[in-house]
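Everything on this sheet refers to the single structure shown next.
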Amino acid sequence: MYRYDDFDAAFVAERNRQFRAQVERRIDGSLTEEEFKPLRLMNGLYLQLHAYMLRIAIPYGTLRSAQMRQLAHIADTWDKGYGHFTTRQNIQFNWPRLRDVPDILDALAEVEMHAVQTSGNTIRNVTADHFAGAAADEVADPRPVAELIRQWSTDHPEFQFLPRKFKIAVTGSPNDRAVTAAHDIGLRLVEREGEIGFQVLVGGGLGRTPMIGKVIAEFVPSEDLLAYLEAVVSVWNLLGRRDNKFKSRIKITVHEHGIEAIRDMVAARFAEIRPAFSGVDQERLAAITAQFAPPAFRTASTAPFDAAYAEDPVFRAWADTNLFPHRAEGYAIAQISLKAHGATPGDATSAQMRVMADIAERFGHDELRISHEQNVVLPHVHKADLPEVHAILRAHGLATANIGLISDIIACPGLDYCALATARSIPVAQEIATRFDALKIEHEIGDLKIKISGCINACGHHHVGHIGILGLDRAGVENYQITLGGDHTETASLGERTGPGFAADEIVGAVETIVETYLAERASPGETFIETYRRVGMAPFKAALYPDTAKPAVGGASDAA
C-alpha cells in the first residue's frame, strides 16, 4: 500500500495551510462566496442544500485501518457521527462547519489522506477495481498505475483548468468491476504475447448525455501509458467546449469529432511528447509497485469455515452472496454490505467504521477497500477466520447477505442533501429494499442491480443499472423514470427508458411489477435479469408496466389503427 514520502507530506501540509488562510478570509468577509467558491472546490468543499459537504479522496478505494479510524474520529468530532461512501470510492461528510474544515484536513494529513482533486475542472480521484491485488481473475494489480496517475495528475500545470471534470478508472481483470466504459478514460490491463499493457477507452460518461466509451487504443505498452494519457487530455483540453458546460465533457468532443479523428490527433500529440518521457515515470512506477507487494499470506486449515458453512444457514447465506474468490489458496474476499434493509445506501456510522478497521487489523492484513457500489471490502481474509468475522459484523449490523441482490442498491444523496437534485433517492432505495425483504424473494431473484439518481447528473449511475431509476421534478411533483437493460461491466450498455414516469407512491410497485415479469419470463432459475432482458427485450416489461396502453379502443379499433 502506498505511503507518503517527504514531498507528499510537505505538499499536503502547504495546501492545508493555504486553505486555512482562505477560510479565515471567507469568515471575516474578505472573500465573497463567489470568490471563495473556486478555492473551496479545489479542496473538496461543496455547498449543499443545507450545509457544506466535504468530499475526501480515497485513491483507488484503498484504506488502512488507521485511516478508517481517523474517518470515524472526524465523523464524531466535526460531523454527525457518520459518513457516506460514494460511487467514486470517496467518502463525504455532510455537516461540517466551515471554520472546522481546516482542522479536518489537518487530521486527514496525519494519516496520509486529503481532499485534493475531489472537485473542480481537473483530473479527479482515480478509481480502480475494488478487488485489486486480490481477485483470482486478475491479470495484474491495477493500483500501482492508478497511484502513478494520481501523482502525475495532482496539480499538473496543464490540467488544472480543464473544460470540465475528468475521471479515470483502471481495472486489472477482464471482468470489469471499475465501470471503465462510463469514464472519460477507462484503462483495462491486458496481456499480449507475455507483455502487460492497456486497452484504452475514451469518451464514456453518464449524466445529461450518457455514452459508452470507445476504444481509442487496443494496446498501449506500460512504458508509454503516461505519455499517451497526457496526449489524450492535451487534445481534449484544446478541443473541449468551454462555451457550454453541458457540451464540455470529452464524450461530447469524441462524439462531435469522431473517434477516428480523435485517435489521429492523440497519435500526433503522443509522437510530439513521448521523447520528453525519459523513463523517470517507469522508475517511479517500479518504486510504487514495490509498495503494493502482496501481504504475507498464511497457510492454515479451512475447517472452521467448512464447519460453519455446513452447520449455520445464516453464515452460509452470507458466504454465498458476500464472498468472492481470492488468488491465494485458503483466502477469500469478504464484502461488507452497507445496505441493510431500510438503511441509507453507503452510510456508515463512526462505530461501524471502527469495527471494520478492527476487523481489517485483526483478520485482513490491515487493508480495506471502498467499492463503487458503496460497500466496503476486506480483500484478504483467511477462510478460517470468516466465521468470527461474520459474527462480529452481525453484532454491528454489517452482515446483511445481499451483495449483488435487489436490495444492494446504489443511490445518490438526492434531494435530502444535494442542491442539484430534483427528487429524493434515499427513501426510494429504502422502500424498495424493505419491500423485497418482506417478500423474502431476493435470493430467488438473484443478480439484479438497481441504481437510483436524484437528477440527470446521474451520480447514482442509473443509466447502467439493470433497473435504473431517475428522479425528476414535474411541475413541483417528484416523478421517477425507469430504464431497463443497463450494464456497468465489460459488456457495458445504457438502459432503455420504459415509458412515462411514476409518482413517488407508485415507483416501488412499478419495480415489483418489473421483477414479477422477469420471474415469469426467465428461461430458468439460473438466467439472470440482464440475460432475460437481452433475450426478450422491452416489450413484456412495458406491457406489464403500462397495461392500459395495450387495451383496444372503444369499438374494437386498436391504437395502431
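Everything quoted here is computed from the prediction, not taken from an experiment. Heavy-atom basis, side chains included; hydrogens, waters and symmetry copies ignored.
- In summary, R64 and E112 engage in a salt bridge, as defined by a charged side-chain N under 4.0 Å from a carboxylate O.
- For the pair P174 and D137, the tightest heavy-atom approach, listed with the atom from each and the gap, is CD-O, 3.3 Å.
- Under a 3.5 Å cut-off, the side chain of Q374 and the backbone N or O of F85 do form a donor-acceptor pair.
- The side-chain heavy atoms of I432 and E512, taken from C-beta on, include no pair separated by under 4.5 Å.
- With salt bridges taken as basic N to acidic carboxylate O contacts below 4.0 Å, one links R362 and E388.
- A salt bridge does not link D306 to K383: none of the charged nitrogens lies less than 4.0 Å from a carboxylate oxygen.
- Side-chain polar atoms of H466 and Y518 form no donor-acceptor pair below 3.5 angstrom.
- The shortest non-hydrogen separation linking R3 to D8 is O-OD2, 4.3 Å.
- Remark: aromatic rings of F297 and Y331 are close, center separation under 6.0 Å.
- Salt bridge status for R369 with D129: absent, with no side-chain N to carboxylate O gap under 4.0 Å.
- Once rounded to the nearest 0.5 Å, the distance linking CZ of F11 with OG1 of T154 reads 6.0 Å.
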| request: Applying salt bridge (charged side-chain N to carboxylate O under 4.0 Å, His left out), run through E373 and R177 and close with a yes or a no. | output: CA-CA 9 Å; E373 295 175 325; R177 292 177 289 266; over 6 Å; no
| field | D487 and T489: CA distance, side-chain angles, deciding distance, side-chain hydrogen bond (donor to acceptor under 3.5 Å, both in side chains) verdict | value | CA-CA 6 Å; D487 179 14; T489 69; 2.9 Å; yes
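- For the pair A132 and P142, the tightest heavy-atom approach, listed with the atom from each and the gap, is CB-CD, 3.5 Å.
- Contact check on R354 versus D76 returns a salt bridge, with a Lys/Arg side-chain nitrogen under 4.0 Å from an Asp/Glu carboxylate oxygen.
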| task | Walk me through it: do D416 and R424 pass the test salt bridge (charged side-chain N to carboxylate O under 4.0 Å, His left out)? | result | CA-CA 6 Å; D416 289 297; R424 294 168 296 168; 5.8 Å; no
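- You'll find the ring centres of Y52 and Y46 outside the 6.0 Å limit.
- To the nearest 0.5 Å, the span separating SG on C412 from CG on N457 amounts to 9.0 Å.
- Between T483 and G495, the shortest heavy-atom contact is CB-C, 3.9 Å.
- Using modelled atom types, one finds a donor on one side chain and an acceptor on the other under 3.5 Å when comparing T528 with E531.
- Counting heavy-atom neighbours within 6.0 Å of E329 CD, excluding the residue itself, gives a total of 12 or less.
- With a 4.5 Å cut-off on side-chain heavy atoms, E442 and S407 count as touching.
- D408 has its side chain within reach of N375: a pair of non-hydrogen atoms, C-beta onward, lies under 4.5 Å apart.
- Inter-residue side-chain proximity for Y480 and L470 is flagged as unmet; no heavy-atom pair is nearer than 4.5 Å.
- Smallest separation of non-hydrogen atoms from P313 and E311: CD-O, 3.5 Å.
- H488 pairs with exactly one of H463, H372, H462 by the ring pair (Phe, Tyr, Trp, His ring centres under 6.0 Å) rule, that one being H372.
- Between I288 and Q151, the closest side-chain pair of non-hydrogen atoms falls below 4.5 Å.
- Using a 4.5 Å heavy-atom threshold, the side chains of F324 and V377 count as separate.
- The closest side-chain heavy-atom distance from L378 to E367 is not below 4.5 Å.
- In summary, of the residues considered (Q67, R69, M68), a side-chain contact (heavy atoms from CB on, under 4.5 Å) with S65 occurs for R69 alone.
- Using a 30° and 60° split on the angle between ring planes, H326 and H380 fall in the perpendicular class, above 60°.
- Partner of R284 under the side-chain contact (heavy atoms from CB on, under 4.5 Å) criterion, chosen from L226, T289, L148: L148.
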| task | Would you sort out whether T532 and R522 count as a side-chain hydrogen bond (donor to acceptor under 3.5 Å, both in side chains), showing the intermediate values? | result | CA-CA 5 Å; T532 299; R522 68 183 180 183; over 6 Å; no
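- Residue Y60 forms a side chain to side chain donor-acceptor pair (under 3.5 Å) with just one option from R150, H130, R143, E147, and that option is E147.
- Across N94 and A51, no two heavy atoms sit closer than the pair O-CB, 3.8 Å.
- How far OG1 of T87 is from CD1 of I370: 12.5 Å, rounded to the nearest 0.5 Å.
- The 12-atom threshold is exceeded at CG of D5, counting heavy atoms of other residues, nucleotides or ligands nearer than 6.0 Å.
- In this structure, N43 and L45 have side chains that are not in contact, with every pair of non-hydrogen atoms separated by 4.5 Å or more.
- Below 30°, between 30° and 60°, or above 60°: for H114 and Y4 the angle between ring planes is below 30°, a parallel geometry.
- Ring geometry for F315 against W318 counts as tilted: the plane angle lies between 30° and 60°, on a 0 to 90° scale.
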